[in-house]
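Not measured: the values here are computed from a predicted model.
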Amino acid sequence: MDEVFYLNDLFDMYGELLTEKQRDYFRDYYFDNLSYGEIALKYDVSRNAIFKQLHITTDKLEEYESKLGLLKKKKKLLEIIEKVDDKKLKEELEKLV
């Protein structure tokens, strides 16, 4: 389950870098909980095509994170923000993240 949350976070961070088809398949599988077969029927492709495309997509998301590290940086910033005592400053910082 942790991996699904991680992939969703990566998708939130880097989803716009994916193709429309990759975003659609990812949303259908991870957000709408559709099976490979259901997605394949929806787009009139094979189950294997969906499986491969989702594998490629998750690999891309992980590659983006390994190169850019934006999710890691965001989580670190949120940890730092949690330690801030000044309420107004904390709210302003949270808006930026």
**Q** Taking only residues two or more places apart in sequence or in another chain, which ones pass salt bridge (Lys or Arg N to Asp or Glu O under 4.0 Å) with Arg27?
**A** Asp24

**Q** By side chain to side chain donor-acceptor pair (under 3.5 Å), which residues pair with Glu62, not counting sequence neighbours?
**A** none

**Q** In terms of heavy-atom contacts, does CG of Asn33 have more than 12 from other residues, nucleotides or ligands at under 6.0 Å?
**A** no

**Q** For a quick test of reading the model, state the closest non-hydrogen atom pair linking Ser46 to Ala49 and the distance between them.
**A** OG-N, 3.0 Å

**Q** Tell me, which pairs form a side chain to side chain donor-acceptor pair (under 3.5 Å) where one or both residues lie in residues 49-60, sequence neighbours left out?
**A** Gln22-Gln53, His55-Asp59

**Q** CZ/Phe26 to CG/Asp32 distance, rounded to the nearest 0.5 angstrom?
**A** 11.5 Å

**Q** Do you reckon Leu17 sits in the same ILVMFWY cluster as Met13, going by side-chain contacts under 4.5 Å, direct or chained?
**A** yes

**Q** Run the salt-bridge test on Arg23 and Glu20 with the 4.0 Å N-O cut-off and return the result as yes or no.
**A** no

**Q** Can you list every pair that meets side chain to side chain donor-acceptor pair (under 3.5 Å) and has a residue in residues 34-44, with sequence neighbours left out?
**A** Asp28-Lys42, Asp28-Tyr43, Ser35-Glu38

**Q** Can you measure from CZ (Arg47) to CD1 (Ile39) and round to the nearest 0.5 angstrom?
**A** 10.0 Å

**Q** Identify whether Val45 and Ile56 are in the same connected component of the hydrophobic contact network (ILVMFWY, side-chain heavy atoms under 4.5 Å).
**A** no

**Q** May I have all residue pairs that pass ring-ring contact (aromatic ring centres under 6.0 Å, His included) and include part of residues 72-95, sequence neighbours excluded?
**A** none

**Q** Please report the C-alpha distance between Tyr25 and Leu18 in whole Å, then the side-chain angles of each, then the deciding distance to 0.1 Å, and finally whether the side chain to side chain contact (heavy atoms under 4.5 Å, CB included) criterion is met.
**A** CA-CA 11 Å; Tyr25 293 171; Leu18 301 171; over 6 Å; no

**Q** Could you list all the ring-ring contact (aromatic ring centres under 6.0 Å, His included) pairs where at least one residue sits in residues 74-97, not counting sequence neighbours?
**A** none

**Q** Write out all pairs satisfying salt bridge (charged side-chain N to carboxylate O under 4.0 Å, His left out) with one or both partners inside residues 63-72, taking only residues at least two apart or from two chains.
**A** Glu63-Lys67

**Q** With sequence neighbours excluded, what pairs up with Glu94 under the side chain to side chain donor-acceptor pair (under 3.5 Å) test?
**A** none

**Q** Mind jotting down which residue pairs meet the ring-ring contact (aromatic ring centres under 6.0 Å, His included) criterion with at least one end in residues 62-97? Sequence neighbours excluded, please.
**A** Tyr14-Tyr64

**Q** To the nearest 0.5 Å, what is the distance between CG (Leu71) and CG (Leu61)?
**A** 10.5 Å

**Q** Under the side chain to side chain donor-acceptor pair (under 3.5 Å) test, which residues partner Glu91, sequence neighbours left out?
**A** none

**Q** Would you tabulate the side-chain donor-acceptor contacts of residues 74-86 under 3.5 Å, counting partners in other chains and residues two or more places apart, or write 'none'?
**A**
residue : atom : partner : partner atom : Å
Asp86   : OD1  : Lys88   : N            : 3.0
Asp86   : OD1  : Leu89   : N            : 3.0

**Q** Starting from the C-alpha separation in whole Å, work towards a yes-or-no answer on side chain to side chain contact (heavy atoms under 4.5 Å, CB included) for Leu7 and Tyr29.
**A** CA-CA 11 Å; Leu7 290 173; Tyr29 187 75; over 6 Å; no

**Q** For Tyr30, which residues count as a side chain to side chain donor-acceptor pair (under 3.5 Å) partner, sequence neighbours excluded?
**A** none

